[in-house]
Amino acid sequence: MILDQSLAGKVAKFTGLGICLVLTVFPLYWILVTSFKDPGSIFAYPLKYWPSEFSLANYTGLFEQSNFGVFIGNSLIVSLVAAALATVVSLLAAYVLARFEFVSKGAVMGAFLVTQMIPGFIALGSLYILMTRLYLVDSRVGLVLVYVAVSIPLCTVMLRGFFENVPASLEEAAMVDGCSRFSALFRVLVPVMTPGIAASFIFNFVNCWNELFLSVTLLNSDSNKTVPAALNGFISSYNIDWGSMSAAAVLSIIPTMILFAVASRYIVQGLTAGAVKE
Amino acid sequence: MAVTETRPAASSRRTAGSRPPAGRRRRFSGRTALVLLAFMMPAIVFVGLFTYYPLLNGIQMAFRNYNLNDLSDTSWVGLQNFRTLLGDEMFRGTVKNSVVWVVGSLVPQFLIGFTMALWLRRKFRFRGAYQALVFFPWAVSGFLIGILFRWMFNGEFGVVNDLLMKAHLIDTPVPWLADARYAMVAVISANVWYGVTFFAIMILAALQSVPDELYEASAIDGAGKVRTLFSITIPSIRTTLALTVLLRVIWTFNSPELIFGMTGGGPANETHIVTSYMIQVTQEGDYGRASAMGVMVVFVLLLFAIFYLLAVRTRTPRRKAVAR
């Protein structure tokens, strides 16, 4: 074969890939191991790379000492609702942007893309004032609305790419058969695009689940806090309790990792399509 | 024939009865235009109200004395906030840190990410599983990555010190995050770890769009590995490379989450970059000064993007000739 690689090249390649794998997975492994150690043995020399006995004390301690169950519940509700709303709103906008030409289209796309260049927290102060006026400070509803707005631009761009892979004749046929544009979109196009839409939803969910600065700024009371806002409180304390901290970190990483593993193929497709095509 | 229309009513009249234009461009009636507008409206309202309104409002705050702690006088002060910042030793330090942070993070990220993408280009057994494992940092927030590395770089019980001592690279534990000399190194290594994935994904996607025939042809022509890399691979994906780097410069500059999780800007503000300092000032309530910082950030990044794109564009034709 023309493209056959030399043996030395292969050895170098797989050694390199192996090192990358170890380095990538190690931090996750370490936080997992820490979280399952007995709280006393976390701060003991020599460091144990494999716990002598598995203990759930850090996890039970976390839920006893803080309202972590409430934080996780808040994060779940806020992220689910915001991701779902953002996906539906973006779906409608992406459909129009994918299928039709109009003069202000470039302006709309530009306005969406600019939001990706400017960090969301740049207007944190004036957003806080706006939310105060709307009586939406320290409210999960308020946070959901802001998250929807933050998620829409990138989600729209991703979904637009997925729409372009579906022939327009599909919904045209449905409309000839008497469907309205709206029902053609939801009865014919959406079922065809399910993987792409699911990936966009998961992408939104993960971003909302991970968001830090907006939640820290807009939420005050423990009953409303999301996980990142709560963790920010944990690390601000003078003496960090690394036992419950590691348990908290593990619990907030796991959901996103599972979701991402399920959808990563489509997310990568959606995100790279634009960059590679042009 | 003009296919793009601003006024839907005119569109339906002018195009009635003519043949549909080529491509996926389509004409639409006034009623359809209303439906489309209704489809677009929710997105526009959300982004307008919760992104653009605060943004524009924030810009005008940059020119006012707007401090939450004392709202008795929120008058216009012109460029006062900007002058204060430029004279502020702390702010100038964060500018320097930002540059170190961006360059120090991106150069290794790019080189390692590129190498990984080259290694992953060709199929091998378990490649899918490998990618799923190696790409996982992407799912985790910078803030949590910061917390993970804060624990690993812990001066007393951190695993980094333990491993380095086992390898006899250091004799005594290094107080990574407490010592101003090492904190930035620690934070940047965490960020390098975090960002390699992104480069690997983007570059791999680009590599997979390069047709195999190009490689076969170059092999027939007797080109070696290095020659192929510089004459085929890089020219074929240079647009993606250029855009990926640009995006990463902007995002890295704008992403202080990892720093917040790892050091909170300390010790002695040594790891504060402009955007993390901006958030701290916002939290302190000085919205005027924070907004001024935001305006400067956007302005500088915009200038950078323009010059960068110009520089990339002028070099394109020569490269293309080589690629062929």
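Nothing here was measured: the structure is a model prediction, and the numbers come from that model. Within every chain, numbering begins at 1; the chains are lettered A, B, ... in the order of the sequence lines, protein sequences first and strands thereafter.
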Among [options], which residue has the highest count of heavy-atom pairs closer than 4.5 Å to chain B?
options	answer
Leu145(A), Ile253(A), Val25(A), Ile240(A)	Leu145(A)
Ala12(A), Pro27(A), Ala93(A)	Pro27(A)
Ala111(A), Pro153(A), Ala248(A)	Ala111(A)

Given that the side chain runs from C-beta out, which part of [X] has a heavy atom under 4.5 Å from chain A: side chain, backbone, both or neither?
X	value
Leu55(B)	both
Leu204(B)	neither
Ala43(B)	both
Tyr287(B)	side chain
Thr115(B)	neither
Asn154(B)	side chain
Leu120(B)	side chain
Leu163(B)	both
Val35(B)	side chain
Glu156(B)	backbone

Quick one about [Y] and [X] (side-chain donor to acceptor, distance below 3.5 Å, no hydrogens or angles considered), yes or no?
X	Y	answer
Ser90(A)	Thr87(A)	no
Trp151(B)	Thr34(A)	yes
Asp162(B)	Tyr49(A)	yes
Asp241(A)	Ser244(A)	yes

Would you call Leu91(A) and Phe186(A) a side-chain contact if the rule is heavy atoms closer than 4.5 Å?
yes
Do the ring centers of [X] and [Y] come within less than 6.0 Å of each other?
X	Y	result
Phe203(A)	Phe260(A)	no
Trp119(B)	Phe14(A)	no
Phe143(B)	Phe260(B)	no
Phe157(B)	Trp242(A)	no

Side chain, backbone, both or neither: which part of [X] has a heavy atom under 4.5 Å from chain B?
X	answer
Leu134(A)	side chain
Ile129(A)	side chain
Leu17(A)	both
Leu231(A)	both
Ile31(A)	side chain
Asn232(A)	both
Val88(A)	neither
Leu130(A)	side chain
Phe43(A)	both

Under a 4.0 Å threshold between the charged nitrogen and the carboxylate oxygen, would Glu164(A) count as salt-bridged to Arg99(A)?
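No, this pair does not count.
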Using only atom types and a distance under 3.5 Å, with no angle test, would you say the side chain of Thr74(B) pairs donor to acceptor with the backbone of Leu71(B)?
no
Donor-acceptor under 3.5 Å (Arg289(B) side chain, Thr282(B) main chain):
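Here the side-chain-to-backbone pair does not exist.
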If you count heavy-atom pairs under 4.5 Å between each of Ala200(B), Ser291(B), Ala305(B), Gly294(B) and chain A, which one has the most?
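Highest number of heavy-atom pairs under 4.5 Å: Gly294(B).
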In terms of heavy-atom pairs under 4.5 Å with chain A, the winner among Asn57(B), Leu36(B), Ile237(B), Ile250(B) is Leu36(B)
Audit row: Asp212(B), Arg122(B), salt bridge (Lys or Arg N to Asp or Glu O under 4.0 Å) steps and yes/no:
CA-CA 10 Å; Asp212(B) 274 338; Arg122(B) 297 180 54 194; over 6 Å; no
